[in-house]
Amino acid sequence: MALAAPLLAQPTPPNAFDVASVKANKTLNPRQNTNVPLGPGDAYTPTGGYFSATGFPLLTYIAFAYKIQSNQIQALQTQLPEWAVTDRFDIQARVEGNPGKDQVRLLMQTLLADRFKLAIHRDTREVSVAALVVAKEGKLGPQIQPHPAD
């Protein structure tokens, strides 16, 4: 007779910060500062569940939360009211534990929906892309000349 070991429940990551403060930053030229890199990359040093960002427009927080690439920002910007690009906000938030960057992004999505009533829909579009690649190493096409500076 074999006994099955009980499955241990994995703790569910939180979907919202435990506490958060969102304030308009009325400073004329606010100094931007954050403890979490707000770019689309994966660079991240754990912060112990603390998120702090000062002087960024709402557009930056949205781009961070949804991992929007720089080439997609212009399309997003046209969908937002002007204040979302020009007005600055300070966000301080805390959650128990030590979430990774992708988890912080999810927490930020919830915060943006709660505090700014942000609603999104996902869209897939075909766009033109051009890439010039060398088919055979060391061989260029008949009309292609190397640049004089290498």
Query raised in the report: Between Trp83 and Val85, is there a shared hydrophobic cluster once you connect ILVMFWY residues whose side-chain heavy atoms come closer than 4.5 Å?
Result: yes
Requested in this report: Sort and list the pairs that fulfil side chain to side chain donor-acceptor pair (under 3.5 Å) and have at least one residue in residues 16-34, not counting sequence neighbours.
Outcome: Asn25-Thr27, Asn25-Asp90
Query raised in the report: Do you know which two heavy atoms are closest between Gly55 and Pro30, and how far apart they sit?
Result: CA-CB, 4.0 Å
**Report entry** Side chains of Thr54 and Gln92 in contact at under 4.5 Å (non-hydrogen atoms)
**Finding:** yes
Requested in this report: Of all the heavy-atom pairs spanning Asn98 and Gly49, show the shortest one and how long it is.
Outcome: OD1-N, 3.8 Å
Query raised in the report: So, for Ala43 and Pro37, which heavy atoms are closest and what is the spacing to 0.1 Å?
Result: O-CG, 3.4 Å
Query - Residue pairs, two or more places apart or on separate chains, that pass salt bridge (Lys or Arg N to Asp or Glu O under 4.0 Å) and touch residues 40-60 - result: Asp42-Lys67
Query raised in the report: In the single-linkage hydrophobic clustering (I, L, V, M, F, W, Y; side-chain heavy atoms under 4.5 Å), do Ile91 and Leu106 co-cluster?
Result: no
**Report entry** Counterpart residues, salt bridge (charged side-chain N to carboxylate O under 4.0 Å, His left out), relative to Arg105 (two or more places apart)
**Finding:** Asp102
Query - Rounded distance [0.5 Å steps], OG1 in Thr47 versus CZ in Arg94 - result: 8.0 Å
Query raised in the report: Val22 pairs by side chain to side chain contact (heavy atoms under 4.5 Å, CB included) with which of Leu111, Asp114, Leu112?
Result: Leu111
**Report entry** Pairwise distance CG(Leu118) to CD(Gln109) - rounded to 0.5 angstrom
**Finding:** 9.0 Å
**Report entry** Considering all heavy atoms, the nearest Gly41-Lys101 contact
**Finding:** O-NZ, 2.9 Å
Query raised in the report: Are Phe64 and Tyr50 connected, step by step, through hydrophobic side chains (Ile, Leu, Val, Met, Phe, Trp, Tyr) whose heavy atoms are closer than 4.5 Å?
Result: no
Query - Over all atoms of both residues, closest heavy-atom pair of Ala65 and Met108 - result: CB-CG, 3.7 Å
Query raised in the report: Excluding sequence neighbours, so at least two apart, what forms ring pair (Phe, Tyr, Trp, His ring centres under 6.0 Å) with Phe116?
Result: Phe89
Report task. Just jot down the side chain to side chain contact (heavy atoms under 4.5 Å, CB included) partners of Leu76, sequence neighbours excluded, or say none. Result -> Leu59, Ile62, Ile68, Leu80
**Report entry** Heavy atoms from other residues, nucleotides or ligands near CD of Gln69 exceed 12 (cutoff 6.0 Å)
**Finding:** yes
Query raised in the report: Between the side chain of Thr86 and the main-chain N/O of Glu82, is any donor-acceptor distance below 3.5 Å?
Result: yes
Query raised in the report: Hey, what do you get for CZ (Phe56) to CG (Leu38), rounding to the nearest 0.5 Å?
Result: 5.0 Å
Query raised in the report: Do you know which two heavy atoms are closest between Pro99 and Tyr44, and how far apart they sit?
Result: O-OH, 3.0 Å
Query - With sequence neighbours excluded, residues passing ring pair (Phe, Tyr, Trp, His ring centres under 6.0 Å) with Tyr66 - result: none
Report task. Measure the shortest side-chain to side-chain distance between Thr110 and Phe17 over non-hydrogen atoms and say whether it is less than 4.5 angstrom. Result -> no
Query - Ala20 backbone acceptor or donor facing Arg115 side chain under 3.5 Å - result: yes
